[in-house]
Asks: 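I'd like to ask some things about the structure below.
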Amino acid sequence: MKISQRLQRINSMISGHYDHIWDCCCDHGLLGMLLLERSAARHVHFVDCVPSLMQALELRLQRFFPADISGLNSHLDPNLDPHLNLDMDPNLSRHTQWQVHCLDVAALPLEQTSDKDKQLIIIAGVGGELLVDLVKAILALHPQRYLEFILCPVHHNYYVRQSLTALGLGLKSEHLLEENQRFYEILHVSTIAAPNGRPISATGSLMWQMLDEASLPRVQRYLSQVIGHYQRMPTHKQTPAIIDAYQQQLAQLLSEHSKFECSLAFFSLDITMGTKDEQLR
């Protein structure tokens, strides 16, 4: 089965090593299997609420990623020694372990893992309002835990960003991706902003930095589409503040790029004039 660019980008955003990665709304589990292949975490959890999908996925995982410990992969084993050191025992740490959970993402069983475990929760392919509801529910159940999220809503990005800010989350990284004539914003956020962390901008920040000449038309097209979407809404539903925010973002990017091009032109002219001076000497 072909793996989408969106899932490949999310996979590439995951660096370092986690104790638990939760691939939520996982569908056929393609992202989680990418993570299993490169041992991105000690445990990779596949989470979805569709029983038929999860049953088929579990059979596939049993075939291609057979368990090292009998019974560990079918569910979180409450009898498993919580002090078991998978890093020290080569027989236990040979492969990343996996679990399949057929449940609501809002009910992730994080309480069955250690408070010290490094956790990453991935929620992609759902609407912005549902995504925010899921994040709120997870944070409400586990308010004291340090959690990281990689989030990719299919729409309502402005609402998602504002909601994440209201929840006190900080930005680690973000990317804009175009696939099959659709744009996706992918955000990596955490419950505690790192010392060099950033606030979450409602219209984006890091993903607009270091744009080259080839990517500017794509970004301009995306922001123009977003502005057009809000402008086409019925008058009583229009939100001038959101339209203005995106218009300012687009104007700022075009202005910065124009200044950069002017700087390059002057730099090129200086080099050319210097070369001619050398030739005349």
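If you read the sequence from its start, that first residue is 1, and numbering goes on from there. From a predicted model like this one, the values you see are computed outputs, not experimental measurements.
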Asks: Report the C-alpha separation of Gln225 and Arg221 in whole Å, then their side-chain angles, then the decisive distance to 0.1 Å, and conclude whether the side-chain contact (heavy atoms from CB on, under 4.5 Å) test is met.
Replies: CA-CA 6 Å; Gln225 285 184 12; Arg221 185 158 39 88; 3.8 Å; yes

Asks: Under the side-chain contact (heavy atoms from CB on, under 4.5 Å) criterion, do His20 and Arg42 qualify, and how do the steps go?
Replies: CA-CA 6 Å; His20 298 271; Arg42 280 178 27 185; 5.7 Å; no

Asks: Looking only at side chains, do Glu256 and Gln252 share a donor and an acceptor under 3.5 Å apart?
Replies: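 Yes, side-chain donor-acceptor contact under 3.5 Å.
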
Asks: Does His43 reach the side chain of His45, with side-chain heavy atoms less than 4.5 Å apart?
Replies: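 Of all side-chain heavy-atom pairs linking His45 with His43, at least one is under 4.5 Å.
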
Asks: Can Leu253 be reached from Val226 by stepping across I, L, V, M, F, W or Y side chains whose heavy atoms are under 4.5 Å apart?
Replies: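 Linked within one cluster.
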
Asks: Between Tyr146 and Glu148, is any side-chain donor less than 3.5 angstrom from a side-chain acceptor?
Replies: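 A pair is found: one side chain offers a donor N or O, the other an acceptor, under 3.5 Å apart.
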
Asks: In Å, rounded to the nearest 0.5 Å, how long is the span from CD of Glu179 to OG of Ser4?
Replies: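 Going from CD on Glu179 over to OG on Ser4, the span is 4.5 Å.
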
Asks: Suppose the criterion is side-chain hydrogen bond (donor to acceptor under 3.5 Å, both in side chains): which pairs have a residue in residues 118-138, not counting sequence neighbours?
Replies: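 Every pair satisfying side-chain hydrogen bond (donor to acceptor under 3.5 Å, both in side chains) with a residue in residues 118-138: Trp22-Gln119, Thr113-Gln119.
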
Asks: Specify the closest pair of heavy atoms between Ile3 and Leu7, including all atoms of both residues, with the distance to one decimal.
Replies: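 Minimum heavy-atom separation between Ile3 and Leu7: CG2-CB, 3.9 Å.
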
Asks: For Asp19 and Lys116, work out which heavy atoms get closest and say how close.
Replies: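 Residues Asp19 and Lys116, closest heavy atoms: OD2-O, 4.3 Å.
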
Asks: Could you check whether any side-chain heavy atom of Leu36 comes within less than 4.5 Å of a side-chain heavy atom of Trp98, counting everything from C-beta outward?
Replies: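 Side-chain contact under 4.5 Å: yes.
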
Asks: Look at Arg161 together with Glu174 and state whether they make a salt bridge at an N to O cut-off of under 4.0 Å.
Replies: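 Salt bridge between Arg161 and Glu174, a charged N being under 4.0 Å from a carboxylate O: yes.
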
Asks: Which atoms form the tightest heavy-atom contact between Val160 and His155, and what is the distance?
Replies: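 Taking Val160 first and His155 second, the nearest heavy atoms are CG2-O, 4.5 Å.
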
Asks: Within the side chain of Ser215, is there an N or O that forms a donor-acceptor pair under 3.5 Å with the backbone of Leu211?
Replies: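 Judged by distance alone, no pair lies under 3.5 Å.
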
Asks: Take Leu169 and Ser190, measure what side-chain contact (heavy atoms from CB on, under 4.5 Å) needs, and give me the verdict at the end.
Replies: CA-CA 5 Å; Leu169 300 179; Ser190 66; over 6 Å; no

Asks: May I ask you to test the Gln209-Leu206 pair for a side-chain heavy-atom distance under 4.5 Å?
Replies: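 Yes, close enough: below the 4.5 Å cut-off.
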
